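Please read the structure below before turning to the comments.
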Amino acid sequence: MRRYGPAVLLALVGAAILRVSLFSDLYLRYVQAGLRPYLVVSGAALVLLGVAVAVVTHRADEEPGHGGEDGRAGPGYGEDEGRAGPGYGEDDGRAGTGYGEDEGRAGLGHGGDTGHAGHGHGPGGPRVAWFLTLPALALLLFPPPALGSYSAEREAAQRAARGVGTFPALPSGNPVDLTLGEFGSRAVYDSGRSLQGRTVRLTGFVTRGGDGTWYVTRLLVSCCAADATTAKAEVRGAQAPPVDTWVTVTGTWHPEGGLGSDAAWPPVVDARSVRQVPQPDSPYEKR
């Protein structure tokens, strides 16, 4: 059975990828939607490769003279009468250099008929190798959650200077739905003050500051969760929900600091309402 370990690992990893990409939208926790076809192809390829490895291994096991799974070595390693093959053992059934025997005595640890192997492994490798299936099985059964407040808080406060300038006009009507990335850019860098007097609606998860402040936060990605950065807005005038709760905040921009200055970040929103919402299928904003 141990010979089939590589095939099982390939199949498990492939099945885990297919589970999150083909049979659900869980892949959106880790990558952008445009990468779904590549995930599906990769998962299918791994499953097919696992099946191919299993077939090749099975055929090899059925070939005449191939070592079995019960610890008996093939031709040249031991005889059924307990006599070691040419140059390997003694007439009394004891293997000279440790290759297999019918009486169960292994010289240097290669298995006999009774399976008493000195090192605890046979033709398929050590049994401990099966523990490698545990991470793959965990990925299949328990997909990791999307990044949350912990990842957002780890990002350094340093932000690259983008330069102050004017932004396109916002759509008419109130409230206007904005991503947290766009809200932050307009609040910090827009010399036209397009947010002035407008009611905005922002959706993200809750994070906390060290001084009791709280933020509505979103992670921005270019490709996948590994390159995520943080966009957030401080919320004033409303009680903070629990950390990592997804909320929609409706309110108005509260100017702080000069354009492009450190004091302007993070931007502030005076909340008129805070409503708890489910986590969206795609929890990240595209950067």
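Quick caveat, the model's predicted, so the values are computed rather than measured.
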Arg201/Asp177 ion pair, N-O < 4.0 Å: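 Between Asp177 and Arg201 there is a salt bridge, with a charged N closer than 4.0 Å to a carboxylate O.
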
Cationic N near anionic O, under 4.0 Å, Glu234 to Lys232: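 Here Glu234 does not pair with Lys232 in a salt bridge, since their nearest N and O are not under 4.0 Å apart.
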
Hydrogens and angles aside, do [X] and [Y] bring a side-chain donor and acceptor to less than 3.5 Å of each other?
X: Tyr215; Y: Thr213; value: yes
X: Ser21; Y: Arg36; value: no
X: Thr199; Y: Thr252; value: no

In this structure, would [X] and [Y] fall into the same cluster of hydrophobic residues linked by side-chain contacts under 4.5 Å?
X: Val41; Y: Leu48; value: no
X: Leu46; Y: Tyr38; value: yes
X: Val269; Y: Val176; value: yes
X: Val247; Y: Leu202; value: yes

State whether the side chain of [X] and the backbone N or O of [Y] hold a donor-acceptor pair below 3.5 Å, judged by distance alone.
X: Ser261; Y: Gly258; answer: yes
X: Trp214; Y: Ala238; answer: yes
X: Glu285; Y: Gly181; answer: yes
X: Arg218; Y: Thr203; answer: yes
X: Ser24; Y: Arg19; answer: yes
X: Thr57; Y: Val53; answer: yes

Dump the intermediate steps for side chain to side chain donor-acceptor pair (under 3.5 Å) on Ser194 and Arg186, then the final yes or no. CA-CA 7 Å; Ser194 58; Arg186 289 178 180 270; 2.8 Å; yes

More than 12 non-hydrogen atoms from neighbouring residues, nucleotides or ligands closer than 6.0 Å to CG on Asn174, yes or no?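 Counting other residues, nucleotides and ligands, CG of Asn174 exceeds 12 neighbours.
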
